[in-house]
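Throughout, numbering of the chain's residues begins at 1 and tracks the sequence. Each ligand, and each atom within it, is numbered from 1 in the order the structure gives.
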Amino acid sequence: MPFSDFHGNAETVRTLREMLARDHFPHAVILSGPQGAGKFTLAQMVAKTMNCLERPTTDGLPDFCGRCANCTRIAEADALEERFAEAVEARENLREADKRETRILVQTHPDVLIIPPDPPQMLVKVDQVRHVIHEIYYKPVEGRERVYIFSDADFMKEAANSLLKVLEEPPEFATIFLLTDNPSALLPTIRSRCMHLRLAPLSSSEVEQYLAKHRPEWKPRERALVARVCGGGLGRARNFDLAAYLAARQDALTMLVPALRAGDHSDLFRVTDTYRSGADGKAKTEQLIRTLYSLLEDMLFHKSGTAELVRNQDIQPELAHMAEGVDFSWIVSAVQRLGELESGMRRNLLRSLALDTFATSLER
Ligand SMILES: [Zn+2]
(Lines give C-alpha, C1' and ligand atoms only; values in the text may rest on other atoms or scores of the structure.)
Protein backbone atom coordinates (compact mmCIF):
# COMPACT_ATOMS: atom_id res chain seq x y z
CA MET A 1 0.00 0.00 0.00
CA PRO A 2 2.27 2.82 -1.26
CA PHE A 3 1.67 6.59 -1.18
CA SER A 4 -0.33 6.32 -4.40
CA ASP A 5 -3.04 4.64 -2.30
CA PHE A 6 -3.54 7.82 -0.30
CA HIS A 7 -6.54 9.77 -1.57
CA GLY A 8 -6.67 13.53 -1.83
CA ASN A 9 -4.44 16.29 -0.45
CA ALA A 10 -1.78 15.57 -3.07
CA GLU A 11 0.17 18.70 -2.22
CA THR A 12 0.56 17.88 1.48
CA VAL A 13 1.60 14.32 0.62
CA ARG A 14 4.18 15.67 -1.82
CA THR A 15 5.59 18.06 0.78
CA LEU A 16 6.05 15.20 3.24
CA ARG A 17 7.75 13.02 0.64
CA GLU A 18 10.06 15.82 -0.47
CA MET A 19 11.13 16.29 3.13
CA LEU A 20 11.78 12.54 3.33
CA ALA A 21 13.86 12.77 0.14
CA ARG A 22 16.04 15.53 1.56
CA ASP A 23 16.69 13.38 4.58
CA HIS A 24 15.91 16.38 6.66
CA PHE A 25 12.59 15.60 8.21
CA PRO A 26 11.32 17.98 10.91
CA HIS A 27 11.45 16.69 14.48
CA ALA A 28 7.85 17.61 15.16
CA VAL A 29 4.94 17.83 12.76
CA ILE A 30 1.36 18.88 13.45
CA LEU A 31 -0.90 17.15 10.96
CA SER A 32 -4.32 18.72 11.22
CA GLY A 33 -7.58 18.06 9.43
CA PRO A 34 -11.12 16.84 9.96
CA GLN A 35 -11.91 13.39 11.26
CA GLY A 36 -11.46 10.82 8.51
CA ALA A 37 -9.17 12.98 6.35
CA GLY A 38 -6.39 10.39 6.70
CA LYS A 39 -4.08 12.00 9.28
CA PHE A 40 -3.17 8.71 10.93
CA THR A 41 -2.87 6.80 7.65
CA LEU A 42 -0.44 9.41 6.36
CA ALA A 43 1.67 9.46 9.56
CA GLN A 44 1.91 5.67 9.35
CA MET A 45 3.02 5.92 5.72
CA VAL A 46 5.81 8.30 6.72
CA ALA A 47 6.86 5.96 9.56
CA LYS A 48 7.02 3.05 7.08
CA THR A 49 9.00 5.06 4.53
CA MET A 50 11.51 6.13 7.18
CA ASN A 51 12.08 2.54 8.22
CA CYS A 52 11.40 0.48 5.08
CA LEU A 53 14.19 -1.98 4.37
CA GLU A 54 13.74 -1.84 0.58
CA ARG A 55 13.38 1.95 0.26
CA PRO A 56 11.73 2.07 -3.18
CA THR A 57 11.15 5.34 -5.03
CA THR A 58 8.06 6.21 -7.05
CA ASP A 59 7.71 9.40 -9.13
CA GLY A 60 11.26 10.17 -8.06
CA LEU A 61 10.33 10.38 -4.38
CA PRO A 62 10.77 8.00 -1.43
CA ASP A 63 8.06 5.41 -0.89
CA PHE A 64 7.70 2.21 1.14
CA CYS A 65 7.40 -1.39 -0.02
CA GLY A 66 4.67 -2.56 2.36
CA ARG A 67 6.20 -6.07 2.37
CA CYS A 68 9.45 -5.95 4.37
CA ALA A 69 9.66 -6.85 8.06
CA ASN A 70 9.58 -3.23 9.18
CA CYS A 71 6.69 -2.22 6.92
CA THR A 72 4.53 -5.17 7.92
CA ARG A 73 5.14 -4.74 11.62
CA ILE A 74 4.37 -1.04 11.53
CA ALA A 75 1.27 -1.88 9.47
CA GLU A 76 -0.09 -4.03 12.28
CA ALA A 77 -1.04 -0.73 13.94
CA ASP A 78 -2.90 0.53 10.84
CA ALA A 79 -6.08 -0.84 12.42
CA LEU A 80 -5.60 1.53 15.33
CA GLU A 81 -9.08 1.19 16.77
CA GLU A 82 -8.60 -2.56 17.17
CA ARG A 83 -5.12 -2.22 18.71
CA PHE A 84 -6.45 0.49 21.03
CA ALA A 85 -9.38 -1.71 22.14
CA GLU A 86 -6.95 -4.57 22.84
CA ALA A 87 -4.72 -2.32 24.97
CA VAL A 88 -7.71 -1.04 26.94
CA GLU A 89 -8.98 -4.56 27.50
CA ALA A 90 -5.55 -5.74 28.63
CA ARG A 91 -5.49 -2.95 31.20
CA GLU A 92 -9.00 -3.82 32.40
CA ASN A 93 -7.74 -7.30 33.24
CA LEU A 94 -4.94 -6.05 35.49
CA ARG A 95 -5.04 -5.81 39.29
CA GLU A 96 -6.43 -2.48 40.56
CA ALA A 97 -3.01 -1.17 41.65
CA ASP A 98 -1.40 -2.00 38.28
CA LYS A 99 -4.37 -0.65 36.38
CA ARG A 100 -3.83 2.82 37.83
CA GLU A 101 -0.21 2.85 36.76
CA THR A 102 -0.71 1.48 33.26
CA ARG A 103 -1.11 3.93 30.43
CA ILE A 104 -2.50 3.04 27.01
CA LEU A 105 0.16 2.79 24.29
CA VAL A 106 0.19 0.97 20.95
CA GLN A 107 3.46 -0.46 19.72
CA THR A 108 3.82 -3.09 17.01
CA HIS A 109 7.40 -2.11 16.01
CA PRO A 110 10.16 -1.21 18.49
CA ASP A 111 10.82 2.15 16.82
CA VAL A 112 7.27 3.31 16.21
CA LEU A 113 5.08 4.20 19.16
CA ILE A 114 1.49 5.38 18.99
CA ILE A 115 0.16 7.34 21.93
CA PRO A 116 -3.64 7.46 21.86
CA PRO A 117 -5.64 9.55 24.31
CA ASP A 118 -6.08 7.62 27.55
CA PRO A 119 -9.60 6.64 28.64
CA PRO A 120 -11.90 7.42 30.34
CA GLN A 121 -11.02 11.13 30.00
CA MET A 122 -9.67 10.53 26.47
CA LEU A 123 -6.79 12.91 27.00
CA VAL A 124 -3.05 12.30 26.71
CA LYS A 125 -1.71 11.98 30.26
CA VAL A 126 1.62 12.95 31.72
CA ASP A 127 2.70 9.34 32.27
CA GLN A 128 2.29 8.64 28.56
CA VAL A 129 4.55 11.58 27.71
CA ARG A 130 7.03 10.45 30.38
CA HIS A 131 7.18 7.09 28.65
CA VAL A 132 8.08 8.89 25.40
CA ILE A 133 10.76 10.97 27.14
CA HIS A 134 12.19 7.85 28.70
CA GLU A 135 12.84 6.14 25.37
CA ILE A 136 13.08 8.85 22.71
CA TYR A 137 16.78 9.56 23.38
CA TYR A 138 17.83 5.98 22.65
CA LYS A 139 18.90 5.25 19.09
CA PRO A 140 16.49 3.26 16.88
CA VAL A 141 16.68 -0.49 17.41
CA GLU A 142 15.65 -1.98 14.07
CA GLY A 143 14.85 1.00 11.92
CA ARG A 144 16.49 4.29 11.00
CA GLU A 145 14.11 6.70 12.73
CA ARG A 146 12.04 6.60 15.85
CA VAL A 147 8.49 7.80 15.22
CA TYR A 148 6.02 8.90 17.88
CA ILE A 149 2.43 9.43 16.80
CA PHE A 150 0.03 11.20 19.14
CA SER A 151 -3.09 10.01 17.33
CA ASP A 152 -5.33 12.64 18.91
CA ALA A 153 -3.20 15.41 20.37
CA ASP A 154 -5.49 16.47 23.16
CA PHE A 155 -3.27 16.83 26.23
CA MET A 156 -3.81 17.22 29.93
CA LYS A 157 -2.01 20.37 31.08
CA GLU A 158 0.87 18.63 32.79
CA ALA A 159 1.33 16.32 29.79
CA ALA A 160 1.51 19.28 27.40
CA ASN A 161 4.18 20.95 29.54
CA SER A 162 6.11 17.73 29.64
CA LEU A 163 5.96 17.35 25.86
CA LEU A 164 7.27 20.88 25.50
CA LYS A 165 10.52 19.81 27.15
CA VAL A 166 11.08 17.15 24.46
CA LEU A 167 10.25 19.61 21.70
CA GLU A 168 12.85 22.00 23.04
CA GLU A 169 15.59 19.39 22.70
CA PRO A 170 14.52 16.70 20.28
CA PRO A 171 17.00 13.94 19.40
CA GLU A 172 18.36 13.77 15.83
CA PHE A 173 16.79 10.44 14.99
CA ALA A 174 13.20 10.96 16.15
CA THR A 175 10.05 12.49 14.72
CA ILE A 176 6.94 13.36 16.68
CA PHE A 177 3.56 13.60 14.96
CA LEU A 178 0.73 15.47 16.60
CA LEU A 179 -2.56 14.65 14.86
CA THR A 180 -5.48 16.92 15.59
CA ASP A 181 -8.75 18.20 14.18
CA ASN A 182 -8.32 21.37 16.23
CA PRO A 183 -4.74 22.69 16.12
CA SER A 184 -5.71 25.92 17.90
CA ALA A 185 -6.32 23.86 21.07
CA LEU A 186 -2.58 23.11 21.26
CA LEU A 187 -0.38 25.35 23.42
CA PRO A 188 1.12 28.19 21.33
CA THR A 189 4.53 27.17 22.67
CA ILE A 190 4.00 23.66 21.23
CA ARG A 191 2.70 24.99 17.92
CA SER A 192 5.69 27.27 17.48
CA ARG A 193 8.07 24.30 17.72
CA CYS A 194 6.31 22.18 15.11
CA MET A 195 5.92 22.25 11.39
CA HIS A 196 2.21 22.49 10.60
CA LEU A 197 0.66 20.63 7.66
CA ARG A 198 -3.06 20.59 6.95
CA LEU A 199 -5.28 17.99 5.33
CA ALA A 200 -8.40 19.45 3.75
CA PRO A 201 -11.65 17.47 3.68
CA LEU A 202 -12.34 15.86 0.33
CA SER A 203 -15.27 17.05 -1.78
CA SER A 204 -18.41 14.91 -1.86
CA SER A 205 -17.72 13.89 -5.46
CA GLU A 206 -14.17 12.77 -4.57
CA VAL A 207 -15.56 10.64 -1.76
CA GLU A 208 -18.22 9.22 -4.09
CA GLN A 209 -15.57 8.20 -6.62
CA TYR A 210 -13.58 6.51 -3.91
CA LEU A 211 -16.68 4.67 -2.63
CA ALA A 212 -17.53 3.47 -6.13
CA LYS A 213 -14.29 1.49 -5.97
CA HIS A 214 -14.37 0.42 -2.33
CA ARG A 215 -18.10 -0.03 -1.65
CA PRO A 216 -19.39 -1.23 -5.05
CA GLU A 217 -22.36 -2.91 -3.36
CA TRP A 218 -23.89 0.49 -2.61
CA LYS A 219 -26.15 2.15 -5.16
CA PRO A 220 -24.98 5.53 -6.54
CA ARG A 221 -27.59 7.40 -4.50
CA GLU A 222 -26.47 5.58 -1.38
CA ARG A 223 -22.85 6.52 -2.05
CA ALA A 224 -23.93 10.14 -2.55
CA LEU A 225 -25.75 10.06 0.79
CA VAL A 226 -22.78 8.56 2.67
CA ALA A 227 -20.36 11.07 1.11
CA ARG A 228 -22.52 13.96 2.28
CA VAL A 229 -23.23 12.59 5.74
CA CYS A 230 -19.50 11.99 6.30
CA GLY A 231 -18.57 15.53 5.27
CA GLY A 232 -15.51 14.55 3.24
CA GLY A 233 -14.07 12.09 5.77
CA LEU A 234 -12.81 9.18 3.73
CA GLY A 235 -12.09 6.81 6.62
CA ARG A 236 -15.52 7.37 8.06
CA ALA A 237 -17.21 6.97 4.67
CA ARG A 238 -15.45 3.69 3.84
CA ASN A 239 -16.51 2.08 7.12
CA PHE A 240 -19.92 3.73 7.27
CA ASP A 241 -22.69 1.50 8.58
CA LEU A 242 -25.38 2.52 6.13
CA ALA A 243 -28.02 0.12 7.48
CA ALA A 244 -27.60 1.45 11.04
CA TYR A 245 -27.75 5.02 9.80
CA LEU A 246 -30.94 4.44 7.79
CA ALA A 247 -32.55 2.70 10.78
CA ALA A 248 -31.61 5.58 13.10
CA ARG A 249 -32.89 8.07 10.56
CA GLN A 250 -36.21 6.29 10.27
CA ASP A 251 -36.51 6.41 14.08
CA ALA A 252 -35.52 10.07 14.15
CA LEU A 253 -38.20 10.90 11.58
CA THR A 254 -40.78 8.96 13.59
CA MET A 255 -39.86 11.13 16.57
CA LEU A 256 -39.98 14.46 14.71
CA VAL A 257 -43.05 13.95 12.55
CA PRO A 258 -45.73 13.70 15.30
CA ALA A 259 -44.25 16.86 16.83
CA LEU A 260 -45.06 18.65 13.58
CA ARG A 261 -48.45 17.14 12.97
CA ALA A 262 -49.66 16.72 16.56
CA GLY A 263 -50.95 13.25 15.92
CA ASP A 264 -50.97 9.83 17.41
CA HIS A 265 -48.04 8.87 19.67
CA SER A 266 -48.19 5.12 19.36
CA ASP A 267 -45.52 4.96 16.64
CA LEU A 268 -43.27 7.22 18.67
CA PHE A 269 -43.57 5.11 21.83
CA ARG A 270 -43.03 1.92 19.88
CA VAL A 271 -39.76 3.34 18.55
CA THR A 272 -38.41 4.85 21.78
CA ASP A 273 -39.19 1.64 23.62
CA THR A 274 -36.42 -0.05 21.58
CA TYR A 275 -33.78 2.25 23.15
CA ARG A 276 -32.83 0.35 26.25
CA SER A 277 -30.02 0.45 28.77
CA GLY A 278 -26.70 -1.34 28.29
CA ALA A 279 -23.77 -0.78 25.97
CA ASP A 280 -25.68 -1.61 22.75
CA GLY A 281 -28.40 0.79 23.74
CA LYS A 282 -25.82 3.48 24.37
CA ALA A 283 -24.27 3.28 20.91
CA LYS A 284 -27.72 3.11 19.32
CA THR A 285 -28.92 6.16 21.25
CA GLU A 286 -25.80 8.16 20.36
CA GLN A 287 -26.37 7.38 16.70
CA LEU A 288 -30.00 8.46 17.02
CA ILE A 289 -28.99 11.76 18.62
CA ARG A 290 -26.40 12.45 15.91
CA THR A 291 -29.01 11.70 13.27
CA LEU A 292 -31.56 13.98 14.91
CA TYR A 293 -28.99 16.77 14.82
CA SER A 294 -28.33 16.23 11.14
CA LEU A 295 -32.06 16.23 10.28
CA LEU A 296 -32.64 19.44 12.23
CA GLU A 297 -29.65 20.99 10.51
CA ASP A 298 -31.02 19.93 7.12
CA MET A 299 -34.36 21.55 8.01
CA LEU A 300 -32.43 24.71 8.84
CA PHE A 301 -30.68 24.61 5.44
CA HIS A 302 -34.10 24.42 3.80
CA LYS A 303 -35.44 27.33 5.79
CA SER A 304 -32.45 29.49 5.02
CA GLY A 305 -32.66 28.86 1.26
CA THR A 306 -29.48 26.76 1.06
CA ALA A 307 -31.06 23.42 0.15
CA GLU A 308 -27.88 22.44 -1.74
CA LEU A 309 -26.16 21.97 1.64
CA VAL A 310 -28.71 19.40 2.81
CA ARG A 311 -26.98 16.15 3.70
CA ASN A 312 -29.94 13.78 3.49
CA GLN A 313 -30.49 14.55 -0.18
CA ASP A 314 -32.46 11.38 -0.79
CA ILE A 315 -35.35 12.57 1.39
CA GLN A 316 -35.33 16.20 0.23
CA PRO A 317 -39.10 16.47 -0.38
CA GLU A 318 -39.91 15.15 3.07
CA LEU A 319 -37.40 17.50 4.72
CA ALA A 320 -38.71 20.45 2.74
CA HIS A 321 -42.24 19.62 3.86
CA MET A 322 -41.14 19.32 7.49
CA ALA A 323 -39.27 22.63 7.31
CA GLU A 324 -42.31 24.41 5.89
CA GLY A 325 -44.35 23.42 8.93
CA VAL A 326 -42.09 25.14 11.48
CA ASP A 327 -40.35 28.46 12.06
CA PHE A 328 -36.70 29.15 12.90
CA SER A 329 -37.33 29.38 16.62
CA TRP A 330 -38.86 25.89 16.70
CA ILE A 331 -35.70 24.42 15.15
CA VAL A 332 -33.46 26.40 17.48
CA SER A 333 -35.34 25.23 20.55
CA ALA A 334 -35.38 21.63 19.25
CA VAL A 335 -31.58 21.75 18.92
CA GLN A 336 -31.35 23.13 22.45
CA ARG A 337 -33.60 20.38 23.86
CA LEU A 338 -31.53 17.82 22.00
CA GLY A 339 -28.45 19.20 23.77
CA GLU A 340 -30.23 18.72 27.10
CA LEU A 341 -31.21 15.20 26.12
CA GLU A 342 -27.59 14.46 25.22
CA SER A 343 -26.23 15.59 28.57
CA GLY A 344 -29.05 13.71 30.33
CA MET A 345 -27.91 10.55 28.55
CA ARG A 346 -24.43 11.05 29.95
CA ARG A 347 -25.95 11.05 33.42
CA ASN A 348 -27.61 7.76 32.48
CA LEU A 349 -31.24 8.78 32.52
CA LEU A 350 -33.71 6.14 31.49
CA ARG A 351 -33.21 6.23 27.76
CA SER A 352 -36.63 5.48 26.33
CA LEU A 353 -38.31 7.82 28.83
CA ALA A 354 -35.91 10.67 28.08
CA LEU A 355 -36.54 10.22 24.34
CA ASP A 356 -40.32 10.37 24.89
CA THR A 357 -39.94 13.55 26.92
CA PHE A 358 -37.79 15.08 24.23
CA ALA A 359 -40.18 14.21 21.40
CA THR A 360 -43.34 15.31 23.17
CA SER A 361 -41.71 18.57 24.29
CA LEU A 362 -41.31 19.53 20.64
CA GLU A 363 -45.04 19.59 19.98
CA ARG A 364 -46.39 22.96 19.12
ZN1 LIG B 1 9.28 -1.94 3.46
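A distance of 6.0 Å or more separates the ring centres of Tyr148 and Phe177.
Below the 2.8 Å limit, the Zn ion (ligand 1) has as protein N, O or S neighbours Cys52 SG, Cys65 SG, Cys68 SG, Cys71 SG.
Residues Asp314 and Glu222 have side chains not in contact (no heavy-atom distance under 4.5 Å, counting atoms from C-beta outward). Taking the side chain as every heavy atom from C-beta outward, Arg236 and Val229 approach each other to under 4.5 Å.
Looking at residues two or more places apart in sequence or on another chain, you find a salt bridge (Lys or Arg N to Asp or Glu O under 4.0 Å) between Lys125 and Asp118.
Nearest approach of Lys303 to Ala323, heavy atoms of both residues: NZ-O, 2.7 Å.
Here CG of Leu288 is found 4.0 Å from OH of Tyr275. Values are rounded to the nearest 0.5 Å.
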